[in-house]
Amino acid sequence: MPVALPAWMQGSPNFMADAPPAEMPAAFAFRVGFSRSGSSASPVLTSFQEVSGLEHSLETEEVTDGGENRFVLQLPKQAKARRLLLKRGLVDRGSPFVRWCKDSLEPGLSIPLVLNDVQVQLMDAELNPLMVWTCSRAYPIRWTINAFESQRNEVAIEEIELAYQSLVTPS
């Protein structure tokens, strides 16, 4: 889904220098949605306090240039998607998202995995999507809760890790 740029970004090759600081999007205004891969249905929205792993990377192989010890060539191998890490979920235990995670992890692959597209949306001041990243064909691979310790006074943090096939970034 294309997102229109704010007026202060349009027509400016270096919008960072021209932008008033108050209009820059805040990293805390985001939401996460998921939907069945290939489905046209609108995503089911969930809330997390932290999302990381929106990254593309290209693996390389180091090759020493024959006879020339000063140079090491970096040859591309393959593109690799990172894993999406969702921390501190504010999700109802009976939600479709939690059911999807449990159905994927608890049976131990005795039933086929259901692949979902996961969207991370950066919101503007009016809570409209400003930018949307889509992690295609994702599935849960880990669900952890930090250790409980009687000597610490910290919040228990729950993390859900998702593997995904590809990351579609905003254009």
Side-chain angles (χ1 to χ4, degrees), residues 1-12 15-16 19-59 78-109 111-146 155-171:
M1 120 178 56
V3 176
L5 291 174
W8 56 267
M9 282 186 181
Q10 295 174 1
S12 175
F15 67 87
M16 296 298 276
E23 291 188 35
M24 295 299 293
F28 64 81
F30 68 92
R31 62 182 171 202
V32 178
F34 75 100
S35 59
R36 177 69 67 96
S37 291
S39 170
S40 61
S42 60
V44 175
L45 297 177
T46 58
S47 296
F48 292 90
Q49 290 184 5
E50 185 179 333
V51 175
S52 61
L54 294 172
E55 178 181 319
H56 286 291
S57 64
L58 186 63
E59 293 182 353
Q78 63 189 20
K80 179 181 176 184
R82 276 193 63 193
R83 294 180 173 166
L84 190 66
L85 186 60
L86 310 172
K87 291 185 180 179
R88 296 181 208 86
L90 305 172
V91 182
D92 180 24
R93 293 288 171 205
S95 73
F97 181 79
V98 171
R99 276 197 312 272
W100 174 54
C101 290
K102 285 183 177 186
D103 290 347
S104 298
L105 295 169
E106 288 178 356
L109 294 178
I111 60 172
L113 287 173
V114 174
L115 303 178
N116 284 315
D117 293 337
V118 178
Q119 291 183 344
V120 178
Q121 303 174 352
L122 181 63
M123 312 306 283
D124 64 13
E126 288 80 34
L127 297 180
N128 297 313
L130 182 62
M131 299 175 79
V132 179
W133 293 265
T134 302
C135 299
S136 300
R137 302 177 54 84
Y139 57 93
I141 59 171
R142 186 171 59 96
W143 189 343
T144 61
I145 297 174
N146 282 3
V155 174
I157 298 174
E158 186 175 41
E159 298 177 355
I160 298 174
E161 188 173 352
L162 305 173
Y164 57 90
Q165 185 177 19
S166 64
L167 176 65
V168 179
T169 57
S171 55

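Remember, it's a predicted structure, so these values are computed and weren't measured experimentally. These numbers come from the heavy atoms of this one structure, side chains and all, not from hydrogens, waters or symmetry mates.
- When every heavy atom of V114 is checked against every heavy atom of Y139, the shortest pair comes out as O-CB, 4.3 Å.
- Nearest approach of M123 to L127, heavy atoms of both residues: CE-O, 2.9 Å.
- Applying the salt bridge (charged side-chain N to carboxylate O under 4.0 Å, His left out) test to residues at least two apart or on different chains, none of the pairs has a partner in residues 30-46.
- In terms of the side chain to side chain donor-acceptor pair (under 3.5 Å) criterion, R83 has no residue partners (sequence neighbours excluded).
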Sequence neighbours excluded and cut-off under 3.5 Å, please list the side-chain donor-acceptor pairs for residues 45-58, or say none.
{"residue": "T46", "atom": "OG1", "partner": "V32", "partner atom": "O", "Å": "3.1"}
{"residue": "E50", "atom": "OE1", "partner": "R88", "partner atom": "NH1", "Å": "3.3"}
{"residue": "E55", "atom": "OE1", "partner": "R82", "partner atom": "NH1", "Å": "3.0"}
{"residue": "H56", "atom": "NE2", "partner": "L167", "partner atom": "O", "Å": "2.9"}
{"residue": "S57", "atom": "OG", "partner": "K80", "partner atom": "O", "Å": "3.2"}

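- Across every non-hydrogen atom of A29 and L122, the tightest pair is O-CD1, 3.5 Å.
- Minimum heavy-atom separation, P140 to L162: CA-CD2, 3.4 Å.
- The side-chain hydrogen bond (donor to acceptor under 3.5 Å, both in side chains) contacts involving residues 95-109 comprise nothing, where partners must be two or more places apart or lie in separate chains.
- By the side chain to side chain contact (heavy atoms under 4.5 Å, CB included) test, Q78 is found to be paired with E59, residues two or more places apart in sequence or in another chain being considered.
- Among residue pairs with one or both ends in residues 113-135, none qualify as ring-ring contact (aromatic ring centres under 6.0 Å, His included); sequence neighbours excluded.
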Let me see the working for I141 and Y164 under side-chain contact (heavy atoms from CB on, under 4.5 Å), right down to the final yes or no.
-> CA-CA 10 Å; I141 59 171; Y164 57 90; over 6 Å; no
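- A 4.5 Å side-chain heavy-atom check between L130 and F30 finds every atom pair outside the cut-off.
- For the residue pair C135 and A138, the shortest heavy atom distance occurs at O-CB, 4.2 Å.
- For R142, the salt bridge (Lys or Arg N to Asp or Glu O under 4.0 Å) partners are E159, E161, not counting sequence neighbours.
- Across S136 and D117, no two heavy atoms sit closer than the pair CA-OD1, 3.3 Å.
- I160 has its side chain within reach of C101: a pair of non-hydrogen atoms, C-beta onward, lies under 4.5 Å apart.
- Between the N116 side chain and the V118 main chain, no donor and acceptor come within less than 3.5 Å of each other.
- Here the straight-line distance linking atom CZ of R137 with atom CG of L115 works out to 5.0 Å at 0.5 Å rounding.
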